[in-house]
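Below is one structure; the comments refer to it alone.
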There are 2 protein chains.
Amino acid sequence: MDRRIGRTRKLMQEALMSLITEKGYEAITVQDILDRADVGRSTFYAHYRDKDELLFSGFEHLRGLFEQQQRSLGAAQQGEHGADFNMILELFRHTGQNHKLYKAIAGKQSGEMILKYLHRYLYDMMIVPHKALVKSKKTAVPIEVATHWIVSSLLSLMIWWLENNMPFPPERMDEMFRQLTMPGMEAALGRKVQKRDIDKAAIVKKDSGAKAFYSMFVDQEGRPEGS
Amino acid sequence: MDRRIGRTRKLMQEALMSLITEKGYEAITVQDILDRADVGRSTFYAHYRDKDELLFSGFEHLRGLFEQQQRSLGAAQQGEHGADFNMILELFRHTGQNHKLYKAIAGKQSGEMILKYLHRYLYDMMIVPHKALVKSKKTAVPIEVATHWIVSSLLSLMIWWLENNMPFPPERMDEMFRQLTMPGMEAALGRKVQKRDIDKAAIVKKDSGAKAFYSMFVDQEGRPEGS
DNA sequence: ACAGATATCGAACACAGTGTTCAGTTATAG
DNA sequence: CTATAACTGAACACTGTGTTCGATATCTGT
């Protein structure tokens, strides 16, 4: 494959991300991206249909990296419900480190799109272990609803944290998240989710891979599909 | 005040709302509104800065109606934490009745703006009774965080319900909401929020005023401020 | 190193939507 | 009835989008 393709896409993705931190996603025009990336107009449209597709290409690329990382250090130590609760602390830590970017993204109207993406991503990640975890078919609240709810809870705390300039450390946010949601989860799905299990799992897998999020600045080729 | 003002604004708001149910907020152009409302272009801009302001004017008007209704039948029977948990069932019922409109609004990107508005509205409504309810200053989770979270939880269940074509009746949704969030609230704020209190309150105030939401089609003059 | 393929360039274009202006025409309030 | 104020509608400048195409630069495979 042609080296120019990866180079051009990387330039455009970097341009987009740096612009997002400066003026927010909504305010960015294609021309802004072109100027910053120093790329021709027609080149942009040769790669992406529009601004949104450029953004999503970055997310999809990241997802690939993340899953790869999950696979590499997973499997061995990942318990029955490995990838759900235990990585939340890492998620808070990572979000705090990249708070400028996340705040610029999550605050604006555009955030809706990205939050939906994140929601779906976390939902897919959690629904499987949840289903495996719960023996009885009859739960007080359907697993799908409970999973949707707990992901929304996590994202809402993230947003609150960012919008209030992170007045607590990630550890405290993680703690609050557990205090708020775990009792409800137990009531909703039975009481399979034990505090001990979760703490243990958190220690075991503390370096899960959340840090891969938005490290896209340093990577090549955001788009999986061929040109 | 001139009768034409109220008439024109009502026409434009009705046009906007009917268009939202048809194609979603984002896809609507000012010209669409003008055509449907049969109003001149300059007239639109004489009243509203843009599409968003027209939308918000409707919300602000509704808020006025809602608060008025609250005041009229409130005060007498409204307990210490009257207006929070007990009207949630009504909220689900009302949302279900107007599901077409709500789904069109909440689904699209535009939803972000409206959800933020709703979130703030419900937050403001809940934060006062929550503060009054909790004696001790030291709670496991700050009241602001817990309130933000529980409002997000409510909205997330609403959205799930709408997006999945309302597979459960409002009563079931209300029940699930309580099962998911109440244990966490107790853990977070102490255990002042007793199940009994909430059920009692729900019966007492079952006709609180949630039904006023989006009944704006039939009202005059969306905008409180003078032209 | 060379040839063919292909990615990029950049300027021009049609298009859609926004928000403003202003002189002329109604409808309203008092 | 009249002065006031709201509405009209067409024209305008402006910003941004997405497409096209011949010319140029760069890469891959041999």
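Proteins get letters first, then strands, A, B, ... in listed order; numbering begins at 1 in each.
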Please give, in whole Å, the distance from [N] [atom2] to [X] [atom1]?
X	N	atom1	atom2	result
A:M1	C:dA5	CE	C1'	15 Å
A:L54	D:dT17	CG	P	13 Å
A:K10	C:dT8	NZ	C1'	18 Å
A:E26	D:dT15	CD	C1'	16 Å
A:D2	C:dA5	CG	C1'	9 Å
A:L34	C:dA11	CG	P	12 Å
A:L11	C:dA7	CG	P	16 Å

* Salt bridge or not for A:E144 and A:K131, using N-O below 4.0 Å? ->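 Yes, this pair counts.
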
Charged N-O contact under 4.0 Å between A:E175 and A:R178: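 No, this pair does not count.
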
Counting only side-chain N and O atoms of [X], is one of them less than 4.0 Å from OP1 or OP2 of [N]?
X	N	result
B:R3	C:dA27	no
A:H47	C:dT8	yes
A:T43	C:dC9	yes

Notebook entry, point to check: When the aromatic ring centroids of B:F168 and B:W161 are compared, is their separation below 6.0 Å?
Noted result: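 No; B:W161 has its ring centre 6.0 Å or more from that of B:F168.
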
Whether each nucleotide of nucleotides 14-22 of chain C has a protein heavy atom under 4.0 Å at its base (B), only at its sugar-phosphate (S) or at neither (-) is summarised, 5' to 3', as ---SBBBBB

Less than 3.5 Å apart, any donor N or O on the side chain of A:R36 or A:S18 sitting next to an acceptor on the other?
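The criterion, which ignores hydrogens and geometry beyond distance, is satisfied for A:S18 and A:R36.
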
Original post:
Does a side chain donor of either B:S156 or A:H148 reach within less than 3.5 Å of an acceptor in the other side chain?
Top reply: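 Absent: no donor and acceptor within the cut-off.
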
Q. Where does the angle between the aromatic ring planes of B:F44 and B:Y48 fall among parallel (under 30°), tilted (30 to 60°) and perpendicular (over 60°)?
A.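 Geometry flag for B:Y48 against B:F44: tilted rings.
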
With sugar-phosphate meaning primed atoms plus P, OP1 and OP2, does A:D38 contact a base, only sugar-phosphate, or nothing at under 4.0 Å between heavy atoms?
->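 Sugar-phosphate only.
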
For B:K51 and B:I28, indicate whether the former's side chain and the latter's backbone hold a donor-acceptor pair under 3.5 Å.
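Checked: pair present.
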
Open item on the list: Looking at B:V39, is its backbone amide N or carbonyl O close enough to the side chain of B:T43 to form a donor-acceptor pair, meaning the two atoms are under 3.5 Å apart?
Closed with: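 Judged by distance alone, no pair lies under 3.5 Å.
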
Using only modelled atom types and a 3.5 angstrom limit, is any donor from either the side chain of A:R4 or the base of C:dT8 paired with an acceptor on the other?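 Absent.
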
For the helix from C:dA1-D:dT30 to C:dG30-D:dC1, measure the angle between the helix axis at one end and the axis at the other, each built from five pairs, rounding to 10°.
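Answer for the end axes of this duplex: 40°.
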
field: Test applied, side-chain contact (heavy atoms from CB on, under 4.5 Å); reference residue, A:K10; option that passes from A:M12, A:E14, A:R7
entry: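 Per the side-chain contact (heavy atoms from CB on, under 4.5 Å) rule, the option paired with A:K10 is A:E14, out of A:M12, A:E14, A:R7.
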
